[in-house]
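What you see is a predicted model, and the numbers here were worked out from it, not measured in a lab. Position 1 is the first residue of the sequence, and the numbers go up from there.
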Amino acid sequence: MARSEVKVLGTWASQFAMRPRIALNLKSVNYEFIEEKKLLEDKSQLLLQSNPVYKKVPVFFHGDNKPICESLIIVQYIDETWSSGPSILPTDPYERAVSRFWAAYLDNTWYPAVQSLGIPQGEEAKKAAMALVEEGVALMEEAFGKCSKGKAFFGGDEIGYLDIAFGSYLGWLRVAEKFNGKKLMDEAKTPTLVNWAESFCSHAAVKDFMPDTDKLAEYANIVIAKIIALGVAPETL
């Protein structure tokens, strides 16, 4: 397929924009990546026109350039459209439902707590957020044992839907560890997740997108300063 027929609008630092790029790599689909320069202000007309509801990246374009929004919806679309490649979602209906459940938990409950660890807040609020993050990591350690069935990834022998959903957060999890001086995923408490994270980050479909922790932390400080100055929600962290 010609590169121009598939496009992803996103930013290098966005874990959500990383998701469709990993899925496309797994399916061996060539695509064009369009970098959205600003997210907190002066958003591009392409972003505003193609995602007028949320005004967020990523946006996916295929063929006739009709936009598809929301990262996990895009991943599912990619999996269904390029069915000849390795399956991303589990083929078993129950396992597919379990993967979607944990992906929704990560997006809606766990990651907002990770996000808040980088935002100035009271000590009690910070403790509550840290407890929620640590609880989530412990839950994912347990979920990995059940989903992976003793193999390298949540998806088994190959990266799957839940690997993409969780793995895309690893860069920002490391930034949260850096900001708070505390390991949130370690060999003592979460040994299988530590091994999984190493396998995920070194995978050929992922390694080019996993951002450097120091560079991402520098970007985070810029975004946090803008969030405070503009009084907006920290959606892009």
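- Side chains of E141 and P191 form a contact here, defined as non-hydrogen atoms less than 4.5 Å apart.
- Closest approach of G118 to F179, counting heavy atoms only: CA-CD1, 4.1 Å.
- With a 4.5 Å cut-off on side-chain heavy atoms, K178 and R174 do not count as touching.
- Y161 pairs with exactly one of R100, Q76, R19 by the side chain to side chain donor-acceptor pair (under 3.5 Å) rule, that one being Q76.
- Summarising the geometry of A129 relative to S116, their closest heavy-atom pair is CB-OG, 3.2 Å, with the distance given to 0.1 Å.
- N180 contributes no side-chain N or O that, together with a main-chain N or O of K182, makes up a donor-acceptor pair within less than 3.5 Å.
- Taking the ring centre of F60 as origin, the terminal cationic atom of R21 falls outside the region bounded by 6.0 Å and 45° from the ring axis.
- Between I164 atom CD1 and Q15 atom CD the span is 14.0 Å, to the nearest 0.5 Å.
- I222 is not connected to V57 by any chain of hydrophobic side-chain contacts under 4.5 Å among Ile, Leu, Val, Met, Phe, Trp and Tyr, and they are in different clusters.
- Minimum heavy-atom separation, L193 to V137: CD1-O, 3.5 Å.
- Minimum interatomic distance between L216 and A13 (heavy atoms only, all atoms of both residues): CD1-CB, 3.7 Å.
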Run the side chain to side chain contact (heavy atoms under 4.5 Å, CB included) test on F209 and I22 for me, step by step, so that the C-alpha distance in whole Å, both residues' side-chain angles and the decisive distance to 0.1 Å come before the verdict. CA-CA 8 Å; F209 307 137; I22 294 171; 4.0 Å; yes
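- Atom-to-atom distance recorded for F153:CZ and I159:CD1 is 4.5 Å, nearest 0.5 angstrom.
- Between E142 and K146 there is a salt bridge, with a side-chain nitrogen of the basic residue lying less than 4.0 Å from a carboxylate oxygen of the acidic one.
- Interatomic distance, OG1 of T11 versus CE of M18, reported as 9.5 Å (0.5 Å rounding).
- T190 is not listed as a side-chain neighbour of M140, based on a closest heavy-atom distance of 4.5 Å or more.
- Considering only heavy atoms from C-beta on, Y54 stays 4.5 Å or farther from V59 through its side chain.
- One distance of note links CG of D157 with NZ of K149; it measures 11.0 Å at 0.5 Å rounding.
- In this structure, F166 has its ring center closer than 6.0 angstrom to the ring center of W110.
- Proximity of I74 to P58: side-chain heavy atoms (C-beta onward) are separated by under 4.5 Å at one or more points.
- No side-chain heavy atom of P20 sits less than 4.5 Å from a side-chain heavy atom of Y31.
- Between the side chains of D107 and Y169, at least one donor N or O lies within less than 3.5 Å of an accepting N or O.
- Each of N30, L24, I78 was checked for a side-chain contact (heavy atoms from CB on, under 4.5 Å) with V6, and the lone residue meeting it is L24.
- No option in F144, W102, F200 other than F144 meets the ring pair (Phe, Tyr, Trp, His ring centres under 6.0 Å) test with F154.
- A distance of 4.5 Å separates OH in Y77 from CD1 in I68, rounded to the nearest 0.5 Å.
- There is a side-chain donor-acceptor pair under 3.5 Å between E36 and S44.
- Here the CE atom belonging to M210 is positioned 12.0 Å from the NE2 atom belonging to H203, to the nearest 0.5 angstrom.
- In terms of modelled atom types and a separation under 3.5 Å, the side chain of T109 and the main chain of L106 share no donor-acceptor contact.
- In this structure a side-chain-to-backbone donor-acceptor pair under 3.5 Å is present from K27 to P86.
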Kindly indicate, with the supporting measurements, whether the criterion side chain to side chain contact (heavy atoms under 4.5 Å, CB included) is fulfilled by C69 and V53. CA-CA 10 Å; C69 305; V53 176; over 6 Å; no
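- Surrounding CD of E35 are more than 12 heavy atoms belonging to other residues, nucleotides or ligands, all under 6.0 Å away.
- Checking side-chain atoms of D163 against main-chain N and O of G160 turns up a donor-acceptor pair under 3.5 Å.
- Tracing side-chain contacts under 4.5 Å through hydrophobic residues (I, L, V, M, F, W, Y), one never reaches F101 starting from L132; they form parts of separate clusters.
- Note on L48: it does not cluster hydrophobically with F16, by side-chain heavy-atom contacts below 4.5 Å among ILVMFWY residues.
- Nearest heavy-atom pair, A176 versus V114, reported as atom, atom and distance to 0.1 Å: CB-CG1, 4.0 Å.
- Listed for the E177 side chain is a donor-acceptor partner under 3.5 Å among the backbone atoms of L184.
- Under the 6.0 Å distance and 45° angle rule, K215 counts as a cation-pi partner of W12.
- Using a distance-only test at 3.5 Å, with no hydrogens or angles considered, a donor-acceptor pair links the side chain of S168 to the main chain of A165.
- No donor-acceptor pair closer than 3.5 Å links the side chain of W196 to the backbone N or O of G167.
- Of all heavy-atom pairs between T213 and V175, the closest is O-CG2, 4.0 Å.
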